[in-house]
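Given the structure is predicted, the values throughout are model-derived calculations rather than measurements.
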Amino acid sequence: KNVGGSYAVVDGTVTIDEGAFEEAKLESVTFPSTLRHVGSRAFAHSSVTALSLPDAFETMGSMAFWYMPRLARLNLGGARKVPHSAFRYNNALGEVDLRPDLSEIGEGAFEEIAASSITLPDSVRSIGESSFARNRALTELHLGASLASIGNYALAGDDNLATITVSPNSSVYSVDSGVLYAKLRG
């Protein structure tokens with residue numbers, strides 16, 4: 001796992017265990033369509049530059065992909081939840097594809113990444129505490145229609161965030177003159 005270059009996870013693999021590729025010097029990894037779960041810290045501190053999880057992918061453990069200093073592109077595949085600190089401190093992560101099946105983004109999941117624009121799909125119901133905090137490159141954020149809960153400090157330290165938009169179908173949030181509001185519930 002520390003030889004550099006590329007690695008293709010064996011076809012038929014369903015789970016990558018906790019810490020399996022932690023600190024691996026791999027530049028790229030290819031996942032089989034059979035992969036359903038990646039354990040906690042499985043790729044933490046590795047050198048992978050891009051990740052594309054399979055469409056049938058289901059779950060990942062906390063900190064599964066954190067502190068990956070070279071990770072620049074991410075496709076979440078079929079993941080429905082991004083857990084605590086999953087992609088935290090990936091300072092090169094500028095391109096994030098949050099797929100339409102995603103429903104929950106956990107605490108600190110995307111803290112300190114490099115994305116300039118993030119669009120939460122209409123399927124996302126909650127974003128946790130500090131989930132997108134300290135993203136200095138973030139200038140645009142779109143909140144989808146189903147978002148019902150935003151954790152404390154979710155956008156703290158996003159000093160360059162200039163534009164927030166909300167789906168017109170949101171029953172919980174709205175934006176007026178660039179300010180995010182929770183709608184009154186009656």
request  = Answer yes or no: is there an ion pair linking Arg41 with Glu18, defined by an N-O contact shorter than 4.0 Å?
outcome  = yes

query = Can you tell me if Thr139 uses its side chain to pair, donor with acceptor, with the backbone of Ser116 under 3.5 Å?
reply = yes

query = Would His37 and Thr15 satisfy side-chain hydrogen bond (donor to acceptor under 3.5 Å, both in side chains), going step by step from the backbone distance to the final call?
reply = CA-CA 5 Å; His37 178 74; Thr15 299; 6.0 Å; no

query = CG/Leu120 to CG/Leu141 distance, rounded to the nearest 0.5 angstrom?
reply = 5.5 Å

request  = Mark yes or no for whether Asn152, through its side chain, and Glu129, through its backbone, hold a donor-acceptor pair below 3.5 Å.
outcome  = no

note = side-chain hydrogen bond (donor to acceptor under 3.5 Å, both in side chains) filter on Asp17, not counting sequence neighbours, yields none

message = When you measure from the side chain of Ser167 to the backbone of Gly144, do you find a donor-acceptor pair of N or O atoms at a distance under 3.5 Å?
response = no

inquiry  = How long is the straight-line distance from CG of Leu35 back to CD1 of Ile16, given to the nearest 0.5 Å?
reply    = 4.5 Å

ask   = With distance as the sole test, does Asp122 use its side chain to make a donor-acceptor pair with the main-chain N or O of Ala145 at under 3.5 Å?
value = yes

message = Tell me the closest heavy-atom pair linking Met68 and Val48, and the distance in Å.
response = CE-CB, 3.6 Å

request  = Determine, stepwise, if the pair Leu98 / Thr119 fulfils side-chain contact (heavy atoms from CB on, under 4.5 Å).
outcome  = CA-CA 7 Å; Leu98 302 175; Thr119 298; over 6 Å; no

key: From Asn75 atom CG to Leu51 atom CG, the distance as rounded to the nearest 0.5 Å   = 9.5 Å

ask   = Taking side chain as C-beta onward, heavy atoms only, is Val96 less than 4.5 Å from Phe87?
value = no

query = What are the two closest heavy atoms between Ala92 and Pro69, and how far apart are they?
reply = CB-O, 3.4 Å

query = Hey, what do you get for CG (Asp101) to CG (Leu76), rounding to the nearest 0.5 Å?
reply = 11.0 Å

query = Rounded to the nearest 0.5 Å, how far does CG of Leu143 lie from OG1 of Thr165?
reply = 7.0 Å

remark   = On a heavy-atom basis, the closest approach of Gly106 and Ser131 is O-CB, 3.6 Å

Non-hydrogen side-chain atoms of Arg136 and Asp159 separated by less than 4.5 Å = yes

inquiry  = Quick one: does any side-chain atom of Asn135 pair with a main-chain N or O of Ala114 as donor and acceptor, under 3.5 Å?
reply    = no

task = Would you confirm whether Ser62, through its side chain, and Pro83, through its main-chain N or O, come within 3.5 Å as a donor-acceptor pair?
result = no

Trp66 reachable from Leu26 in the ILVMFWY side-chain graph, under 4.5 Å edges = no

ask   = Do Leu93 and Phe65 belong to the same hydrophobic cluster, where Ile, Leu, Val, Met, Phe, Trp and Tyr are linked whenever their side-chain heavy atoms lie under 4.5 Å apart, directly or via other members?
value = yes

ask   = What side chain to side chain donor-acceptor pair (under 3.5 Å) pairs are there with at least one residue in residues 81-91, not counting sequence neighbours?
value = Ser85-Arg88, Arg88-Glu111

query = Under 6.0 Å from the CZ atom of Arg125, do we count more than 12 heavy atoms belonging to anything else shown?
reply = no

query = Which atoms form the tightest heavy-atom contact between Gly12 and Pro32, and what is the distance?
reply = N-CB, 4.2 Å

inquiry  = Using side-chain heavy atoms (C-beta onward) and a distance below 4.5 Å, is Ile150 in contact with Leu180?
reply    = yes

inquiry  = When you group the ILVMFWY residues by side-chain heavy-atom contacts below 4.5 Å and let the links chain together, are Ile127 and Met63 in the same group?
reply    = no

request  = Check Glu22, Glu23, His45 against Tyr67 for a side-chain contact (heavy atoms from CB on, under 4.5 Å) and give me the one that passes.
outcome  = His45

query = How many angstroms lie between atom CD1 of Ile113 and atom CG of Leu71, to the nearest 0.5 angstrom?
reply = 9.5 Å

ask   = Do the side chains of Val124 and Val175 join up, straight or via other hydrophobic residues, at under 4.5 Å, putting them in one cluster?
value = yes

query = Would you say Ser174 and Val166 make side-chain contact, with heavy atoms under 4.5 Å?
reply = no

query = Would Leu74 end up clustered with Met60 when hydrophobic side chains under 4.5 Å apart are linked, directly or stepwise?
reply = yes

ask   = Ignoring hydrogens and geometry, is there a side-chain-to-backbone donor-acceptor pair from Thr34 to Thr13 under 3.5 Å?
value = yes

inquiry  = Test your reading of the model: is there a side-chain donor-acceptor pair from Ser123 to the backbone of Pro100, 3.5 Å cut-off?
reply    = yes

query = Angle class for the Phe31/Phe43 ring planes (parallel below 30°, perpendicular above 60°, tilted otherwise)?
reply = perpendicular

inquiry  = Once ring-ring contact (aromatic ring centres under 6.0 Å, His included) is applied, what residue pairs with a partner in residues 132-158 remain, sequence neighbours excluded?
reply    = Phe110-Phe132

